[in-house]
Amino acid sequence: MSLWEYVRDRWDLIVFETMQHASMVAQCVLVAALLGVLAGVATYRHPRSAALATATAGVLFTIPSLAMLGLLIPPLGLGVAPSVTALVLYALLPIIRNTVVGLRGVDPTLVDAARGIGMSRVRSLSRIELPLAWPVILTGIRVSTQLAMGVGAVAAYVSGPGLGEQIFSGLARLGGANAVNSTLTGTIGIALLALLFDGCFVLLGRFTIPGGVRE
């Protein structure tokens, strides 16, 4: 059976798993973005706190994905919970680091001018600093999304949702019928999803960053 015939015969299942994968990654990156930006905002003025937050996320980032998922099985069981938790933890580092770097890169004279005209620290942050740091923060979110897309495939190890099931199923029966087709379907599907998500971020940048994004 050719790859096209395999995809055609299992089209409904593949579309369902693709939607699961996209939904899982989107939701996990959204949660990671909220947590990461909050952590960056809370620590960027304090070098030690920022270093601690980045180092903590970095330690989590270095744990191999299979080991991370395996460690999450005892407290969370199998399925969605360990998959989502792992993706959020892996996605934190680029977002926290880029938030800190972006906010520290804002011209201090602009911040002083905002404070000089009576802006509170919160208003200065929301109206001046975060908008200027947004291009760098967005880059961190894009990196986290691509990372989560790949780790999401490994989530099939703990019965997580998504296209990883196609890959693990194919690898488990290499040499058997349609094993390669199954693996290729999952791999190509994830690659296409990654390109689609990245394209969406490029468009988001063009609408939210003055002058657009030139990439």
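Everything quoted here is computed from the prediction, not taken from an experiment.
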**Report entry** L3 and I188: CA distance, side-chain angles, deciding distance, side-chain contact (heavy atoms from CB on, under 4.5 Å) verdict
**Finding:** CA-CA 11 Å; L3 178 61; I188 294 171; 4.1 Å; yes
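- In terms of heavy-atom proximity, S124 sits nearest to M119 at CA-SD, 4.1 Å.
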Requested in this report: List the steps, then state whether side-chain contact (heavy atoms from CB on, under 4.5 Å) holds for V154 with M68.
Outcome: CA-CA 10 Å; V154 186; M68 171 77 80; over 6 Å; no
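- In this structure the side chain of R173 reaches within 4.5 angstrom of the side chain of N178, judged on heavy atoms.
- Here the closest non-hydrogen pair linking A156 and F168 is CB-CD1, 3.8 Å.
- Under the 4.5 Å side-chain heavy-atom criterion for ILVMFWY residues, no single connected hydrophobic cluster contains both Y90 and V158.
- Smallest separation of non-hydrogen atoms from I96 and A57: CD1-CB, 4.0 Å.
- Inter-residue side-chain proximity for D198 and T145 is flagged as unmet; no heavy-atom pair is nearer than 4.5 Å.
- Under the 4.5 Å side-chain criterion, counting only non-hydrogen atoms from C-beta, W134 is in contact with I141.
- At least one side-chain heavy atom of L193 sits under 4.5 Å from a side-chain heavy atom of L163.
- Using a 4.5 Å cut-off on side-chain heavy atoms (C-beta onward), L69 and V151 make no contact.
- L192 and V7 end up in the same hydrophobic cluster when Ile, Leu, Val, Met, Phe, Trp and Tyr side chains are linked at under 4.5 Å.
- Tracing side-chain contacts under 4.5 Å through hydrophobic residues (I, L, V, M, F, W, Y), one never reaches V143 starting from F61; they form parts of separate clusters.
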Requested in this report: Just do the side-chain contact (heavy atoms from CB on, under 4.5 Å) check on I167 and I190 with the steps written out, would you?
Outcome: CA-CA 10 Å; I167 297 174; I190 290 172; 3.8 Å; yes
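- A heavy-atom distance below 4.5 Å is not found between the side chains of V29 and F197.
- Both L35 and L72 are part of a single hydrophobic cluster, where members link through side-chain heavy atoms under 4.5 Å apart.
- Nearest heavy-atom pair across I95 and S144 is CG1-OG, 3.3 Å.
- A heavy-atom distance below 4.5 Å is not found between the side chains of Y44 and T99.
- For the pair V84/Q27, no side-chain contact is recorded, criterion being any heavy-atom separation below 4.5 Å from C-beta on.
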Report task. Could you give me the CA-CA distance, side-chain angles and deciding distance for Y6 and Q166, then say whether side-chain contact (heavy atoms from CB on, under 4.5 Å) is met? Result -> CA-CA 12 Å; Y6 177 86; Q166 291 287 332; 2.8 Å; yes
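- Annotation for A155 and S83: closest pair CB-OG, 3.5 Å, computed over non-hydrogen atoms.
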